[in-house]
Number of protein chains: 2
Amino acid sequence: MERTRLMIEEAAPALKLLGDKTRLTIAGMLKNGECCVCEFTEVLEMSQPSVSQHLRKLRDAKLVKENRRGQWVFYSLNENYEAYDLVLSVIDHVSDQSEKLQELEKQGKRIQCE
Amino acid sequence: MERTRLMIEEAAPALKLLGDKTRLTIAGMLKNGECCVCEFTEVLEMSQPSVSQHLRKLRDAKLVKENRRGQWVFYSLNENYEAYDLVLSVIDHVSDQSEKLQELEKQGKRIQCE
DNA sequence: TTATTATATAAGCATATAATTATATATGTA
DNA sequence: TACATATATAATTATATGCTTATATAATAA
């Protein structure tokens, strides 16, 4: 697999963003596609403002992109992020976070964002 | 390639450690084998206590191990670190740091630790 | 319009982090 | 022994971080 080597200056900020349990979980949840903010708050079991502030950091760094649909905002990994390959690789070393979403769904706790 | 998936709780601290330019450079320098503290200070161009404190963090987390030989202390990646595979993968996405050592050597600036 | 829901932002606070300076420890040598 | 070199630790300080509470904005519905 060909890969682009990153400068330390590019890689370190990406790793710093992922070096937080909340943000790493968010990134893991996005592995299989976009998620709505309410899903993050549900899975992470933390306050909405706190989640929103983590999302802002990821968004400011361009690690994720947002997509508003009606009153909901969906986030997804930004495949144009300079360290996108690194992010994918990191996520791949972490246990699957989509299970948590599926679990919510199974319990009927998944909020409808459609 | 088989790999062990890490819990978020294991991966995040490792990424946090690597999410700092100084420590990421140190880890990158260790990709091809052990390095002496004086080599880190030389390459990083920062104070000895500062380097030493970064090394302590890496050591406390067991990401690296130390090996004293005479008055010199050599550090290397700890292949038994729980997130060792992740560390290797991350380092592999970063530009080669051993070039900096080679450059030092070429300039005759490499300190002799033998 | 007003009310409701989803999300974002701001302000405040407690803790964590990284650097500096000074000092301590360990090893080697005269 | 005394001194030099390599490294570690401690204390201090400035800045960054993450959370909470309160409030603002945006979209939708009544």
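In this structure, of dT5(D), dT7(C), dA26(C), it is dA26(C) that holds the atom nearest to the side chain of Arg68(B). With dA18(C), dA8(C), dT7(C) as the choices, the nucleotide that has an atom nearest any side-chain atom of Asp20(B) turns out to be dA18(C).
The distance from atom CG of Leu17(A) to atom C1' of dT17(D) is 12 Å, rounded to the nearest whole Å. The nearest whole Å value for the distance from the CG atom in Asp60(B) to the P atom in dA16(C) is 15 Å. Distance, Gln53(A) CD to dT20(D) P: 10 Å, rounded to whole Å. The interatomic distance linking Leu58(B) (CG) with dA18(C) (C1') rounds to 13 Å, in whole Å. Rounded to an integer number of Å, the gap from CD of Glu66(A) to C1' of dA27(D) is 14 Å. Rounded to an integer number of Å, the gap from CD of Glu45(A) to P of dC19(D) is 14 Å. One can place NZ of Lys21(B) at 13 Å from P of dA18(C), the figure rounded to the nearest angstrom. Distance Leu18(A) CG to dT17(D) P: 14 Å, rounded to the nearest Å.
Relative to the ring axis of Phe74(B), Arg69(B) places its NZ or CZ within 45° and under 6.0 Å from the centre.
Regarding contacts with the backbone of dT17(C), a side-chain N or O of Lys16(B) is found under 4.0 angstrom from either OP1 or OP2. Within the structure, every side-chain polar atom (N or O) of His54(B) is placed at least 4.0 Å from both OP1 and OP2 of dT17(C). A close approach under 4.0 Å does occur between a side-chain nitrogen or oxygen of Ser47(B) and OP1 or OP2 of dT20(C). The shortest distance between the side-chain N/O atoms of Arg56(B) and the OP1/OP2 oxygens of dT9(D) is below 4.0 Å. Contact check, Arg69(B) against dG28(C): no side-chain N or O comes under 4.0 Å of OP1 or OP2.
Comparing Pro49(B) and Lys57(B) along DNA chain C, the residue whose closest nucleotide (by nearest heavy atom) sits nearer the 5' end is Lys57(B). Across the interface with DNA chain D, nearest-nucleotide mapping of Ser50(A) and Val73(B) shows Val73(B) to be the residue nearer the 5′ end.
Arg68(A) places a side-chain N or O within donor-acceptor distance of the main-chain N or O of Gly70(A), the cut-off being under 3.5 Å. Looking at Gln97(A), its side chain does come within 3.5 Å of a backbone N or O of Ser95(A) through a donor-acceptor pair.
In terms of polar N and O atoms assigned as donor or acceptor, the side chain of Gln71(B) never comes within less than 3.5 Å of the base of dT25(C) in a complementary pairing. Side chain Gln48(B) to base dA8(D): a donor-acceptor pair is found below 3.5 Å.
Between Lys65(B) and Glu79(B) there is a salt bridge, with a side-chain nitrogen of the basic residue lying less than 4.0 Å from a carboxylate oxygen of the acidic one.
Looking at heavy-atom distances under 4.0 Å, Tyr75(A) makes contact with sugar-phosphate atoms alone, never a base.
The distance from the CZ atom of Phe40(A) to the SG atom of Cys35(A) is 4.5 Å, given to the nearest 0.5 Å.
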